[in-house]
Each structure stands twice: as C-alpha cells, then as structure tokens.
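Each remark here refers to the structure printed beneath this line.
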Amino acid sequence: MRDFEFLEPDSLPEACALLHGLGDRCRVIAGGSALVLALRQRILTPECLVSLGKLDALCNIEYDPAAGLRIGALVRHADIASSELVRRYSPMLADMAGRLANPQVRNQGTLGGNLCYADPATDPPGCLMALDARVHVSSVRGRREIPIDAFFVDYFTTALAADEIVTHICLPPLESNASGRYNRFLRTGAEHRPLVNVALIVQREKTVCVGARLVIGASTAIPMRAARAEALLIGTVLTMDLATEAAAAAARDAQPISDQRGDAEYRRSMIEVIARRTICEVFGLPSGGM
Ligand SMILES: Cc1cc2nc3c(=O)[nH]c(=O)nc-3n(C[C@H](O)[C@H](O)[C@H](O)COP(=O)(O)OP(=O)(O)OC[C@H]3O[C@@H](n4cnc5c(N)ncnc54)[C@H](O)[C@@H]3O)c2cc1C
C-alpha cells in the first residue's frame with residue numbers, strides 16, 4: 001500500500017474545502033471497508049485520505065412525519081438494521097441492512113460509502129431506489145440533492161463530482177396502503193454478496209394494485225426500474241399468471257452483467273425467479289418452490 005497522509009477535518013465545510021483543494025490527490029474515507037481493499041491492491045493510490053470520522057452530524061437517523069426518514073451517510077449497516085425508527089417507518093430497509101454481507105461488514109461499512117463506491121454486487125442501491133430515496137450532497141459550491149434513480153451512472157460510477165460529499169439519504173414517508181419486500185439471491189451459501197436482488201414497493205386499494213416500484217439490482221451494472229413489469233401489476237388484482245408475466249417482463253428487460261460469479265443468462269433466469277417470488281410474497285400468493 002502506498003503511504004498517504006490522513007486528514008481528519010472537524011467540520012463539513014472543512015472537509016469540503018480539503019476535497020476541493022486537493023482534487024484528484026485525495027479520497028474520502030468513511031468505514032474503509034471498500035477503500036482499504038482498493039488501497040492494498042493499488043487500484044487507488046491517493047496521496048491523502050480525508051476522514052469523515054469526526055463529522056458526528058452525519059451519523060444520525062431522524063424521522064419527520066412530513067419529510068420521512070433522514071439517514072446520515074456515516075450510519076453503518078448494523079445501525080440501520082437495529083434502528084427503531086427505520087424498523088418502524090421503513091421495515092424493508094431495516095430487513096435488507098440486517099441481511100447484508102456479514103456482521104463485520106455491517107459493523108464497519110456505512111450507507112454513504114456503499115452508495116458512493118457504486119459496486120453493483122451490493123444490497124442498498126436497489127432497495128433505496130424502490131423506496132424513492134434522494135441523496136443529499138455538499139461541496140464548496142453548496143448543497144444539492146440527487147434522486148437515487150440519477151445517482152448511479154455506470155459500473156462503479158456515480159453522479160458525484162470528485163469534491164462532493166454525501167451527507168445524508170432521505171426517504172419519503174410510505175403511504176399507509178404501501179407494503180414491500182426485498183429479496184437477495186446468493187450463488188452459494190458461502191458467498192456474502194448478492195448475485196441478484198429484487199425490491200418491490202406496492203400500494204393497494206382494497207385488492208387492486210394502484211402503484212408499484214419494482215427494482216432489479218446486483219445483476220446489472222446499475223439498479224434498474226422494471227417499468228414494463230410495474231405496468232403489468234398496476235390496475236390489477238394480482239394472480240399467479242400476472243405475477244409470472246410481470247417477472248418474465250422484468251427478466252427480459254434487464255441487461256445483466258457477466259463475470260466470474262455468473263454469466264448474463266444465468267443472472268437473467270435468477271432475476272425471473274426472484275422477481276416472481278418477491279411479487280408473490282408482497283401480494284400474499286403462494287411462492288413455495290419457485
Ligand atoms: C467482504 C465484503 C463483503 C461485502 N458484502 C456486501 C454485501 O453483501 N452487500 C452489500 O451491499 N455490500 C457488501 N459489501 C460492501 C460494503 O457494504 C461496503 O464496502 C461499505 O458499505 C462501504 O462503506 P464504507 O463506509 O466502508 O466506505 P469506504 O470504504 O470508506 O469508502 C468507499 C468509497 O466511497 C467513498 N465515500 C465514502 N463515504 C463517502 C461520502 N459520504 N461521500 C462521498 N464519498 C464517500 C470513498 O471515497 C470510497 O471511494 C461487502 C464488502 C466486503 C469487504
């Protein structure tokens with residue numbers, strides 16, 4: 001690993017000024033779970049690391065009935081899983097965070113770091129897209145918010161400028177008729193990272209589905225809204241045939257990646273299986289054996 005200077009700003013403005021001034025010579029470090037591996041392998045060789053460790057304001061989870069949940073970028077996956085607020089107001093997110101990776105990663109990795117690294121084989125991005133999250137960022141130029149649908153640009157690439165810091169993630173309050181489900185598929189029980197994941201949030205009026213956000217993640221370069229599948233669900237009383245048709249549409253529209261963990265066609269088959277399972281579970285249809 002190349003030697004580097006470790007800078008620990010006491011405030012967000014100071015951190016933003018450091019990033020702006022140092023440019024390409026520095027990287028932000030949060031929990032370090034992804035970055036330290038990249039430093040060890042010399043995939044990244046910054047001269048300075050700007051730690052966010054002293055920015056306590058980025059560690060909070062808050063809830064406001066009008067604005068919804070606000071989760072600081074430095075909140076760790078384990079904190080999300082155990083937060084009373086997240087469990088109450090976004091149970092799907094708490095469930096996802098509690099199943100991510102393993103206890104070591106959940107206790108070290110932060111939500112902000114997870115999103116900023118933009119590794120496709122991860123859990124929060126798709127889940128947050130189904131929840132219509134917004135990513136809030138700061139820099140010397142001020143603040144801006146990026147809808148999560150626009151945050152991920154490509155494989156390991158986000159819409160962040162090099163000197164921007166993610167400060168928090170906001171989730172609008174869920175409607176009272178909303179329910180959701182997140183499922184992840186691992187190729188083998190020994191693996192931690194998902195090969196495919198599916199997140200679904202629906203709204204129902206009596207038995208009719210009136211809204212749906214279905215997101216395919218981990219198997220594609222960036223998470224993907226399954227628009228044709230959503231259109232098949234909306235305005236219907238769900239049946240097994242419709243669930244099967246919607247899952248097939250999601251798999252057809254996906255553009256899975258191929259790598260050493262699985263080729264695109266295997267991923268596409270698993271997208272169909274996991275999407276159908278997720279739709280069935282949300283609508284209370286039998287999903288056993290799929
Ligand atoms: C063995 C292993 C298994 C894993 N399995 C899973 C899994 O199953 N599911 C899953 O979802 N993830 C998994 N991960 C990934 C893990 O979730 C991320 O590594 C972690 O969340 C990153 O957070 P961090 O705070 O450690 O980020 P860091 O390593 O500190 O930073 C990661 C990147 O984000 C940038 N960054 C960090 N915070 C900010 C910020 N606030 N603003 C701007 N840039 C920032 C850094 O500069 C760096 O480029 C796994 C990781 C490991 C090592």
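Count residues from 1 along the sequence. Whatever order the structure lists ligands and atoms in, that order sets their numbers, starting from 1. Keep in mind that what you see is a predicted model, and the values were worked out from it rather than measured.
Across the listed options Cys26, Ser138, Gly217, Gly32, Gly32 owns the non-hydrogen atom lying nearest to atom 30 (O) of ligand 1.
Any N or O atom pair closer than 3.5 Å counts here, and Leu35 shares at least one such pair with ligand 1. Checking only distances, Ala121 never comes within under 3.5 Å of ligand 1, N or O to N or O. Considering backbone and side-chain atoms together, Asn114 places an N or O closer than 3.5 Å to an N or O of ligand 1.
Close approach to Ser33 involves these atoms of ligand 1, each under 4.0 Å from a residue heavy atom: 18 (C), 19 (O), 20 (C), 22 (C), 23 (O), 24 (P), 26 (O), 29 (O), 53 (C). Using a 4.0 Å cut-off to heavy atoms of Pro194, the atoms of ligand 1 that qualify are 8 (O). Ligand-side atoms of ligand 1 in range of Glu164: 43 (C), range being under 4.0 angstrom from any heavy atom. For ligand 1, the atoms closer than 4.0 angstrom to any heavy atom of Leu52 are 40 (C), 41 (N).
With respect to Glu272 and Arg252, no salt bridge is recorded, no charged nitrogen being found less than 4.0 Å from a carboxylate O. Salt bridge annotation for Arg267-Asp259: present, with a cationic side-chain nitrogen under 4.0 angstrom from a carboxylate oxygen. Between Asp79 and Arg106 there is no salt bridge, since no side-chain N of the basic residue sits under 4.0 Å from a carboxylate O of the acidic one. We find that Arg225 and Asp253 are not joined by a salt bridge, their nearest charged nitrogen and carboxylate oxygen being 4.0 Å or further apart. Under 4.0 Å is where a charged nitrogen must lie from a carboxylate oxygen, and between Asp123 and Arg99 no such pair does. In summary, Arg87 and Asp95 do not engage in a salt bridge, as defined by a charged side-chain N under 4.0 Å from a carboxylate O.
Distance from atom 27 (O) of ligand 1 to its nearest protein heavy atom, with residue and atom name: Gly113 CA, 3.5 Å. Counting protein heavy atoms only, atom 46 (C) of ligand 1 is closest to Val28 O, 3.0 Å. Ranking the protein heavy atoms by distance from atom 2 (C) of ligand 1 puts Val105 CG2, 3.6 Å first. In this structure, the protein non-hydrogen atom closest to atom 34 (O) of ligand 1 is Cys116 CB, 3.4 Å. Among all non-hydrogen protein atoms, the one lying nearest atom 9 (N) of ligand 1 is Asp123 OD2, 2.6 Å.
In Leu37, the part holding a heavy atom less than 4.0 Å from any atom of ligand 1 is the side chain. Here Arg184 has side-chain heavy atoms under 4.0 Å from ligand 1, and that is the only part of it that gets that close. Heavy atoms of Ala30 found under 4.0 angstrom from ligand 1 belong to the backbone as well as the side chain.
Classification of the His168-His136 ring pair by plane angle, with boundaries at 30° and 60°, yields parallel.
Side chain of Asn60 to main chain of Glu62: no donor-acceptor pair is present (N/O by atom type, distance under 3.5 Å, no hydrogens or angles).
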Could you go through residues 236-243 and list every donor-acceptor pair under 3.5 Å that involves a side-chain atom there, pairing it with any protein atom two or more places apart or in another chain?
residue	atom	partner	partner atom	Å
Thr236	OG1	Leu233	O	2.6
Thr239	OG1	Leu242	N	3.1

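For the atom pair CZ of Phe4 and CZ of Arg25, the computed distance is 15.5 Å after rounding to the nearest 0.5 Å.
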